[in-house]
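What follows is one structure encoded as structure tokens, with my remarks underneath.
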Amino acid sequence: MATVAQSIPPVKGTRDFFPEDFAILRWLTETWRNTSRRHGFVEFDGPTLEHLELYTRKSGDEIVEQLFHLTDRGGRDLALRPEMTPTLARMVAARLGSLPRPLKWFCIPRMFRGERPQRGRLREFVQWNIDILGTDSPTADAECILVAVDALRALGLTRDDFAVHVSDRRLVAAILAALGVTSEAIPAAFDLLDKAERLPGDELARRWGESLGTRVDFARVWDALAMPDPAALRGELSKSADAAAVDPVLARFTAVLGAIQDFGITEFCKFDLRVVRGLAYYTGVVFEAYDRPREFRAILGGGRYDDLLAMFGGKPLPAVGFGMGDAVLLELLASRQLTRAVGLEPPEVFVIEAPAETGVAGQGGTVRRILATLRRAGIAAEAGYEVQAVAKQMKRAAERGVGHVIFVGDETHSRGVVAVKNMKSGEQRDVAVDALLADPAGVIGGAGGV
RNA sequence: GUGAGCGUAGCUCAGUUGGCAGAGCACCGGGUUGUGGUCCCGGGAGUCGCGGGUUCAAAUCCCGUCGCUCACCCCA
């Protein structure tokens, strides 16, 4: 019987959004959208389908295994977009000369990844992207963090729920260098630091030794990165020959922290050099937000990527931004019972047609005229398709939570009136059909407010 | 691609020395023919994931298979 549902379920890692589910997703995306606008960002979008090469050029061929790729009839290799940055880079590069800078753009695309789903990771998901392009100001770095914090607060999360861990790759690199990691080995070190908390200790030590040799002890590095504030860097770097080279980086990072302070979100942030991000293209400040108990994966991640745009557009363009996916965030919000729904609001008015006495004409036509007039006037109105017992229809109206019920029945036939009932107060009065049709907003408003 | 756990009604699940498949929620109907969410009564619904084996008898035991979940790989 229900064989389709059984034999053709949703594709693994994708989700059916029933109205009550979609209402939660809408709440989330509209909060993202409103937050973006408050902070001066404009929305853009690009195609869901892109040339495969757009992704392989930056990341190499191995990424093909991790995305959905297909071939069109002309033999072109295409991919469902697994990330937004290449599309953004192309669009910006196309109009680089004419766009006023800086650019503050956001988007809320659906994205796809061809991997096995697991907790907080799906094959189709929604990700909010915030990017500021064309400025290397430390204020822009801090502003991205401000936007992220503001959105999470708008969703109901507090300083007890999450923290943004702020770091800078160049500072981490300086510490690694001071501890003896060669510059060639730094990318591999970043990669392992990014995985450090997910890998078992022995596996981590094995890979560390494999990539970096045994001369530099991982535990030593890990401890050094736990320093509580940037000032401690000087002590850590005192032995290093080129400690002075770090000063400009440190000064800029301090400026970012100062801007965070000015924005009033210091209590939501945490200095944490153990955050480096897995991607190779970050060039400076990087940050990730986590729930405080660290029960879930990272809620968001981002940072400065000053060299990436040049790879696509030819001309360099400094940039900073972050991405925040819906999967982990919705799990966190659900665990705090903070999820809300928008778009499921009940209609303001429910029109009930009472069964007519024998010999009296039905009032279906009047019901339909009232419905259409109310809706034209901007008042959401509903009615059943069949005439049922009034008690039954009242039950439906009450369950849906409508504000007003309009009764259409024999009095409508005999006296030209309907009864308008305010469901909250219980107050009910007769209103001429003509008056209702002439001024629906006045009647409904007058019956007890919208 | 690797490893572990789990598959019984739409949902959450119960169902052990193998013996006729159940509960709650949800849904639908009714509670004396024109006004409320509670409450009462009733109803539909499942090839117990699928296939094979053992047995007089399998949701239950054995083998296989598919699916889901979680972890790993990867993390944009």
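Labels below follow one simple rule: chain letters A, B, ... track the order of the sequence lines, proteins then strands, and each chain is numbered from 1. Only a predicted model underlies this, so the values are computations on that prediction, with no experimental measurement involved.
- Searching all strands for a Watson-Crick or G-U wobble partner of B:rC70 with both distances below 3.5 Å returns B:rG3.
- The residues A:Arg170 and A:Asp168 are annotated as salt-bridged, a charged nitrogen and a carboxylate oxygen being separated by less than 4.0 angstrom.
- Between A:Phe253 and A:Phe271, a ring centre-to-centre spacing shorter than 6.0 Å is recorded.
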Report, one pair per line, the protein and nucleotides 26-31 of chain B atoms (nitrogen or oxygen only) whose separation is under 3.5 Å.
unit_1 : atom_1 : unit_2   : atom_2 : d
B:rG30 : OP2    : A:Lys392 : NZ     : 2.7

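- When heavy atoms are screened at a 4.0 angstrom cut-off, A:Glu411 is found touching base atoms of the nucleic acid.
- Salt-bridge annotation for A:Arg81 and A:Asp45: present, with a side-chain N of the basic residue lying under 4.0 Å from a carboxylate O of the acidic one.
- Distance CG (A:Leu192) to C1' (B:rC74): 14 Å, rounded to an integer number of Å.
- Judged by distance alone with a 3.5 Å cut-off, no donor-acceptor contact links the side chain of A:Arg277 to the base of B:rC75.
- Checked by distance alone, A:Arg121 brings a side-chain donor or acceptor within 3.5 Å of a matching partner on the base of B:rC75.
- Neither OP1 nor OP2 of B:rC72 sits under 4.0 Å from any side-chain N or O of A:Arg119.
- Within 4.0 Å (heavy atoms only), A:Arg15 reaches no atom of the nucleic acid at all.
- Here A:Gln118 does not reach the OP1 or OP2 of B:rC70: none of its side-chain N or O atoms lies under 4.0 Å away.
- The residue A:Met423 sits close to a base: some heavy atom pair falls under 4.0 Å.
- The base-pairing partner of B:rC61, taking Watson-Crick or G-U wobble contacts with both distances under 3.5 Å, is B:rG53.
- Taking side-chain N and O atoms only, A:Lys195 has a distance below 4.0 Å to OP1 or OP2 of B:rC75.
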